[in-house]
Amino acid sequence: MITLQLDHAATAPGELITGLAQWRLTAPPETLEVRLVWKTAGKGDVDMANVPLLQVPLSGHPGQLKISFPAPLGPWSYSGSLFSIAWILELTLSTRDGELARSEHPIVIAPHRRA
Amino acid sequence: MKPGLSWIPTLDAQPTPNQAMSLAGLTALYGIVSVAIAWMFVDRLLSRRATFAISLLFCLLLLLVLALLGNSAWKLFAALHPRPVLTMPVLVHRPGTSFPLAWSFPRLPWLLNHLSVSLKFTEAANYVAAEMPVEEQKVLLNCSLYEGEPGLLSGSALVAIPEHAMHSFATASHSLRWALHFDGKSPWPFCPPLHYEVPIIVGFWT
């Protein structure tokens, strides 16, 4: 299981996203991958794109890691009448043999910190 | 033109002289054919040689040619629409900023007796419903910039992008578009209304 405690659930483009990732797994993970994904929801086919951010080797990390990276400049989180654009922060823990656990955390990236 | 403002190219491709000539030629041809059919019909009626079947045939033919004539005349007037020429300082604008917009109608301005200029923010989504492609659109902001007579053939306005506006966005299935809309009416009822949409970009990267 992975949990992520973000310092702020909403951030402005270009500002630092910071938080604490914690995990409790039977097998020790070797890497933590952090990536941001935006996707559309509502009417229309889903459009999405991802921004790989970090790939951290975890040897010696005692089940938790502070993460920090700048928020992308765009697209901004958006909530409209026909569709919305949502950002999701994905954490993936893996070993050489494959993925151990994954979690998704919604986050708002917009200048006024609201979609 | 105001100093310091760069010219934006004209909005859409104007018809070439050949296209305008061919539309005018087509309109004239349909006009001649409709007059000929009407004359033949009247001639047969006067000489009492018109049976019911022939009268019906002539009427149907005349209606068809008149419909074609109306269609080509409508296209001809639409092709001859006056086109606004725009000036604005940049193409990409940030939310919360404003920019001066100037327009003029250098050609055929007398074909317009009412003009409205507005800034619109439109949301659009493409999807397939019942195996048919659908584009659904919704105007979320309609901000009037000018409303009235075209008057002096030119005008100007300050275009303000709202502070909390969303930036332009486009993917395969979704778009958020900002555009200036020029809508004009002609004094003549048979002249189609003018509509031009000039996209502008509201960006976070300027």
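Lettering follows sequence order; numbering is per chain, from 1.
Looking only at side-chain heavy atoms (C-beta outward), Ile85(A) and His174(B) stay at 4.5 Å or farther from each other. For the pair Phe83(A) and Phe169(B), the minimum side-chain heavy-atom distance is below 4.5 Å.
With rounding to the nearest 0.5 Å, the separation of NE2 in His164(B) from CH2 in Trp76(A) is 10.5 Å. The NZ atom of Lys138(B) lies 3.5 Å from the OG atom of Ser81(A); values are rounded to the nearest 0.5 Å. Distance check: Ser77(A) OG to Met166(B) CE gives 8.0 Å after rounding to the nearest 0.5 Å. Of the inter-residue distances, the one linking Leu82(A) atom CG with Leu140(B) atom CG reads 7.0 Å to the nearest 0.5 angstrom.
Side-chain atoms of Asp47(A) come within 3.5 Å of backbone N or O of Ser173(B) as a donor-acceptor pair. Using modelled atom types, no side-chain atom of Glu136(B) and backbone atom of Lys43(A) make a donor-acceptor pair closer than 3.5 Å.
Heavy atoms from other residues, nucleotides or ligands lying under 6.0 Å from NZ of Lys185(B) number 12 at most. Within a 6.0 Å radius of CD in Gln5(A), other residues, nucleotides and ligands contribute 12 heavy atoms or fewer. Surrounding NE2 of His195(B) are more than 12 heavy atoms belonging to other residues, nucleotides or ligands, all under 6.0 Å away.
No other option in Gly74(A), Gly42(A), Pro13(A), Ala49(A) has as many heavy-atom pairs under 4.5 Å with chain B as Gly74(A).
Proximity to chain A (any heavy atom under 4.5 Å) is shown, for Glu135(B), by neither the backbone nor the side chain. Heavy-atom distances place the backbone of Ala124(B), and not its side chain, under 4.5 Å from chain A.
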